[in-house]
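In what follows, a single structure is set out as structure tokens and then discussed.
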2 protein chains.
Amino acid sequence: MFDTIEIKEVKQELGFLVKALRKQRGLSQIQLAKSLDVSRTTIQNLELGKNFTVDTIFKVLKEMDLLSQLNSEILQAKNHVINSKSMY
Amino acid sequence: MFDTIEIKEVKQELGFLVKALRKQRGLSQIQLAKSLDVSRTTIQNLELGKNFTVDTIFKVLKEMDLLSQLNSEILQAKNHVINSKSMY
DNA sequence: CATAAATGACCATTATAATGTTCAATATAG
DNA sequence: CTATATTGAACATTATAATGGTCATTTATG
């Protein structure tokens, strides 16, 4: 019913987002990698939708000033769970 | 200025969210792990805010019917980048 | 156009996430 | 309370993400 979307597709979309954010700031993969203290290969794999760790994507989001927003949405989702009765 | 929040803290919050979602559905770590085809240790590390891969958290979000929502927010963020002029 | 910069791809090595197990501490149920 | 289930912790092993390098292709620049 819900979430027929594939994990692979979401990873690819996330990669496209990172690439767009990076280009918006006029950074090359090497420049971004250095500022995050990761390798260019890691940035490349992230942008191409391969598997990667939350540390990697969170470093990017923090650099792009999006980490606080994500945290807020996590807290919001958590409160939603707490305030709703279980249907299970 | 922005995003003084720490990566470690966001990982912990994400772990709390997963734990809340799991308990809402009345599942044990073992039950969730089996349904996602991962080990209990992986679920445990996720809930305790250790490092983990996007595959792991995306499997959880898909099981909890939250993956489509995340994908929508990624697309929204991407469109926001595209439609805004670069300040850099 | 020519030249330089950036990216995608590939590969060997290293670091670490994932697995599977055991055990003590907690929480839950009877 | 007692018994059972669940969870946090620690560990060795395995799988794989991260690294650093090269090279061909693509993209930007003069």
Rounded to whole Å, please give me the gap between [atom1] in [X] and [atom2] in [N].
| X | N | atom1 | atom2 | result |
| --- | --- | --- | --- | --- |
| Gln12(B) | dG8(D) | CD | P | 13 Å |
| Leu46(B) | dG8(D) | CG | C1' | 15 Å |
| Phe58(A) | dA17(C) | CZ | C1' | 16 Å |
| Ile30(B) | dT6(D) | CD1 | C1' | 8 Å |
| Asn51(B) | dT19(C) | CG | P | 14 Å |
| Asp55(A) | dT19(D) | CG | C1' | 15 Å |
| Gln29(B) | dA9(D) | CD | C1' | 12 Å |
| Ile57(A) | dA17(D) | CD1 | C1' | 15 Å |

Problem set entry | Nucleotide nearest Val38(A) when distance is taken to its side chain, options dT19(D), dA18(C), dA18(D) | dT19(D)
For this session: Using a heavy-atom cut-off of under 4.0 Å over every strand shown, decide if Ser28(A) touches base, sugar-phosphate, or nothing.
Result: sugar-phosphate
Exercise. When we call it a touch if two heavy atoms are under 4.0 Å apart, what does Leu48(B) touch: a base, just sugar-phosphate, or nothing?
Worked result: sugar-phosphate
Exercise. Looking at residues at least two apart in the chain, or sitting in another chain, which of them share a side chain to side chain donor-acceptor pair (under 3.5 Å) with Lys59(A)?
Worked result: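 Testing Lys59(A) for side chain to side chain donor-acceptor pair (under 3.5 Å), a comparison that skips the adjacent residues, returns none.
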Exercise. Is it true that Glu63(A) and Arg25(A) have a side-chain N and a carboxylate O under 4.0 angstrom from each other?
Worked result: no
Exercise. Does Glu47(B) pair with Arg22(B) as a salt bridge, N-O distance under 4.0 Å?
Worked result: yes
Problem set entry | Earlier contact from the 5' end, DNA chain C, for Asn45(B) and Gln44(A) |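 Final value for this comparison: Gln44(A).
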For this session: State whether the distance check finds a donor on one side and an acceptor on the other, under 3.5 Å, for side chain Ser39(A) versus base dG20(D).
Result: no
Heavy atoms only: give me the nearest [X]-[Y] pair and the separation to one decimal.
| X | Y | value |
| --- | --- | --- |
| Met64(A) | Leu32(A) | CE-CD1, 4.1 Å |
| Ile5(A) | Glu9(A) | CG1-OE1, 3.6 Å |
| Lys78(B) | Ala20(A) | CG-CB, 4.5 Å |

For this session: Between Thr53(B) and Lys19(B), just flag the one whose closest nucleotide in DNA chain D comes earlier from the 5' side.
Result: Lys19(B)
Counting only side-chain N and O atoms of [X], is one of them less than 4.0 Å from OP1 or OP2 of [N]?
| X | N | result |
| --- | --- | --- |
| Thr56(A) | dA18(D) | yes |
| Arg22(B) | dT6(D) | no |
| Thr42(A) | dT19(D) | yes |

Exercise. Should Leu66(A) and Val54(B) be counted in the same cluster of Ile, Leu, Val, Met, Phe, Trp and Tyr side chains packed under 4.5 Å apart?
Worked result: yes
Show me the protein contacts with nucleotides 23-30 of chain C, counting only N or O atoms at under 3.5 Å.
none

